[in-house]
Amino acid sequence: QVQLVESGGGLVQAGGSLRLSCAASGSIFSIRTMGWYRQAPGKQRELVANMPSGGSTDYADSVKGRFTISRDNAKNTVYLQMNSLKPEDTAVYYCNADLTYYRGIRFYTNDYWGQGTQVTVSS
């Protein structure tokens, strides 16, 4: 069974910074893509940033220039550095991974999610 363990959420004032981390654990064979999504109260879940194994990145327009996604492939970990935070960034942030793991001789490929971590930005 694959687990995505997140950390780094919390309370911060507008203009501050937070760094989210998400580590995938289990018998992982490969990770194609890791990324971050968020869901604000009353809103649909949206993509924040995505990073395939090759190193390219994809950001939501609302966070470009403020957020930076990075990966440590050796640790199966993805990070989200969030700077110049705004109250509208307040949301539950979810780690996502498109990965393949193995159990015995069987391999399983699927899209996995972390439990979510709350980010609250006060004005």
With a cut-off of 6.0 Å (strictly less than), are more than 12 heavy atoms of other residues, nucleotides or ligands near CD of E88?
yes
For a quick test of reading the model, state the closest non-hydrogen atom pair linking I31 to R71 and the distance between them.
O-NH2, 3.5 Å
Check for me, please, whether V119 and V48 land in the same ILVMFWY cluster - side-chain distances under 4.5 Å, paths through other members count.
yes
Considering all heavy atoms, the nearest M34-C95 contact
CE-SG, 4.3 Å
Kindly compute the distance separating CZ (F107) from OG (S27), expressed to the nearest 0.5 Å.
10.0 Å
Rounded to the nearest 0.5 Å, what's the gap from CD on Q81 to OG on S21? Could you check?
9.5 Å
Where does the angle between the aromatic ring planes of Y101 and Y108 fall among parallel (under 30°), tilted (30 to 60°) and perpendicular (over 60°)?
parallel
Within the distance-only criterion (no hydrogens, no angle test), does the side chain of T57 pair as donor or acceptor with the backbone N or O of A49 below 3.5 angstrom?
no
Could you pull out the closest heavy-atom pair between A14 and S123, with the gap in Å?
CB-CA, 4.4 Å
Ion pair present between D89 and K86, side-chain N to carboxylate O less than 4.0 angstrom?
no
Which heavy atom of Q118 sits nearest to which heavy atom of T90, and what is that distance?
NE2-CG2, 4.0 Å
Are side-chain heavy atoms of Y93 and E6 found at a separation under 4.5 Å?
no
Heavy-atom nearest pair, S17 first then S84, reads OG-N, 4.3 Å
Which of parallel (below 30°), tilted (30 to 60°) and perpendicular (above 60°) describes Y94 and W113?
perpendicular
Measure the spacing between CD1 of I69 and CG of N50 and express it to the nearest 0.5 Å.
6.0 Å
Residue pair R66, M82: steps toward the side-chain contact (heavy atoms from CB on, under 4.5 Å) verdict:
CA-CA 6 Å; R66 299 188 298 120; M82 304 184 293; over 6 Å; no
Begin from the C-alpha positions of D72 and Y79 and carry the test side-chain contact (heavy atoms from CB on, under 4.5 Å) through to its verdict.
CA-CA 8 Å; D72 185 339; Y79 307 92; 4.1 Å; yes
Gap separating the CG atom of L80 from the OH atom of Y59, nearest 0.5 angstrom:
7.5 Å
Taking the side chain as every heavy atom from C-beta outward, state whether F29 and L99 have any pair of such atoms under 4.5 Å apart.
no
Is R32 atom CZ crowded by more than 12 heavy atoms from other residues, nucleotides or ligands, each under 6.0 Å away?
no
V12 with F67, same ILVMFWY side-chain cluster at under 4.5 Å
yes
How long is the straight-line distance from CH2 of W36 back to CG of L20, given to the nearest 0.5 Å?
4.5 Å
Are any non-hydrogen side-chain atoms of L11 and S122 less than 4.5 angstrom apart?
no
In this structure, would V92 and L47 fall into the same cluster of hydrophobic residues linked by side-chain contacts under 4.5 Å?
yes
Can you tell me how far OG1 of T33 sits from CG of N96, rounded to the nearest 0.5 angstrom?
8.5 Å
Say whether M51 and Y112 are linked into one hydrophobic cluster, either directly or through other cluster members, by side-chain heavy-atom distances under 4.5 angstrom.
yes
